[in-house]
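I have placed the structure first, in the form of structure tokens, so that the comments after it can refer back to it.
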Number of protein chains: 2
Amino acid sequence: MSSCQHTTILERSGLRATMQRRLVLDALHQMQTPASPYDIEHHLTKRGSTVHPVTIYRITKQFENLGILHRLGSGRLSLCKHPETEGAHGYLRCRDCGSVTEFQNEHLQRLATDIAEEHRYHSPAPLIEITGLCPSCDPS
Amino acid sequence: MSSCQHTTILERSGLRATMQRRLVLDALHQMQTPASPYDIEHHLTKRGSTVHPVTIYRITKQFENLGILHRLGSGRLSLCKHPETEGAHGYLRCRDCGSVTEFQNEHLQRLATDIAEEHRYHSPAPLIEITGLCPSCDPS
DNA sequence: ATTGCAGATGCAATACTATTGCATGAAGAG
DNA sequence: CTCTTCATGCAATAGTATTGCATCTGCAAT
Ligand SMILES: [Mn+2]
Ligand SMILES: [Mn+2]
Ligand SMILES: [Zn+2]
Ligand SMILES: [Zn+2]
């Protein structure tokens, strides 16, 4: 996903294609892993760009509402890899160290979508999150 | 679930059965809905009991690690209804208003557990959380 | 029942995270 | 280019969580 595709995402969203929004999308794309607003700021600072933390909070909230990114239970943000897909996205998260693995399971995603609909839930980006202890954090 | 059962939970956990821990369990049980640490404090204060917020933070973190309660993505805590059951527990959460509905779906819980095991995850209380927009918050 | 101690609590200080109001600045339509 | 609207930066504030340390208490041993 190139920087110009990020601009396309913004155009389609109805949001103005500002430098700050493109930088936030670039950062999330480059980091490849869920990141907090301050993680994003640090990433950008290291690369010589600056976006004010308050702006990052505002931008990410908008992106979340548009389904451009997912906010995980840890508060970290993950770029939605397939925004055109209406189906659910799956994450496995360690509640100890916070590490996150994205998974793809059609069957589970179908079931989760059904459950959401049963309860009259709707979202442009339904999110399934399974929380447990990762191998490193499992005391056994 | 009575107060004496709460004491049993504590005995089995290896934690001392202090007044504060019993009060936190009582509060979560009485509230019937996921609550933040400060929600718990306010509930207790209204009933004439006081447990210091810092203590509630410490207690709930221990309970979470023991699988006695679940910490949802909103940060709110839900008493685990079936601590003896090793299977996963499911929650549907609105990312706008934060309302939570617990659901029970054997099939989805089985699938989620399988996915967790595939990734060598383990937990005394695996948690499935589906996030979307509830009927009240759906703009459509 | 008394004692002793590891573990638990309360408090204050601190750190971290998120939100709001307002003045200034930039995107993009015309 | 001009204008309007939306977006950003900054400062202040609010909300949430953690830590160190002194004191206290559950509970096991005697
Ligand atoms: Mn998505
Ligand atoms: Mn459980
Ligand atoms: Zn871990
Ligand atoms: Zn809602």
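Since we're looking at a predicted model, the values are computed, not measured. Lettering follows sequence order; numbering is per chain, from 1.
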Per-nucleotide protein contact string for nucleotides 22-30 of chain C, where B marks a base within reach and S marks sugar-phosphate only (heavy atoms under 4.0 Å, - for neither): ----BBS--
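- Using cut-offs of 30° and 60° for the angle between ring planes, the A:H29 and A:H6 rings count as perpendicular.
- Between A:Q62 and D:dC6, a side-chain N or O to OP1/OP2 separation shorter than 4.0 Å is absent.
- Both B:G75 and A:H52 sit near DNA chain D, but only A:H52 has its closest nucleotide nearer the 5' end.
- For the pair A:R110 and A:D114, the salt-bridge criterion is met [side-chain N within less than 4.0 Å of a carboxylate O].
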Evaluation steps, side-chain contact (heavy atoms from CB on, under 4.5 Å), between B:R93 and B:S74: CA-CA 9 Å; B:R93 176 168 61 90; B:S74 56; 3.9 Å; yes
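- Out of D:dT19, C:dT9, D:dG9, the shortest distance to the side chain of B:V54 is found at D:dT19.
- Per the geometry, OH belonging to A:Y38 stands 15 Å off P belonging to C:dA15, to the nearest Å.
- With hydrogens and angles disregarded, no donor-acceptor distance shorter than 3.5 Å links the side chain of A:E41 to the backbone of A:H52.
- In this entry the distance linking CG of A:L77 with C1' of C:dA18 reads 13 Å, nearest Å.
- No side-chain donor-acceptor contact under 3.5 Å links B:D26 to the backbone of B:L23.
- Defined by atom type and a distance below 3.5 Å, a donor-acceptor pair is present between the side-chain atoms of B:S78 and B:Y91.
- The aromatic rings of A:H70 and A:H89 sit tilted relative to each other, their planes meeting at an angle between 30° and 60°.
- The two residues B:A17 and B:L10 come nearest to each other via the heavy atoms CA-CD1, 3.9 Å.
- Distance CD1 (B:I59) to P (D:dT25): 15 Å, rounded to an integer number of Å.
- What separates CG of A:L44 from C1' of D:dT8 is a distance of 15 Å, to the nearest Å.
- When the P atom of D:dA17 is taken as reference, atom CZ of B:R76 falls 12 Å away, rounded to whole Å.
- For B:K61, no side-chain nitrogen or oxygen approaches OP1 or OP2 of D:dA17 to under 4.0 Å.
- The separation between B:R21 atom CZ and C:dG10 atom C1' is 14 Å, rounded to whole Å.
- In this structure, the CD1 atom of A:I56 is 12 Å from the P atom of C:dA18, given to the nearest Å.
- Dashed line: the shortest gap from a side-chain N or O of B:Q20 to OP1 or OP2 of C:dG10 is under 4.0 Å.
- Atom CD1 of A:I40 is separated from atom P of D:dT8 by 13 Å (rounded to the nearest Å).
- Qualifying ring-ring contact (aromatic ring centres under 6.0 Å, His included) partners for A:H42, counting only residues two or more places apart in sequence or in other chains: none.
- Terminal axes of the helix from C:dA1-D:dT30 to C:dG30-D:dC1 (five pairs each, C1' rotation axis) are separated by 50°, to the nearest 10°.
- The nucleotide whose nearest atom lies closest to any side-chain atom of B:Y57 is, among D:dA17, C:dG10, C:dA18, D:dA17.
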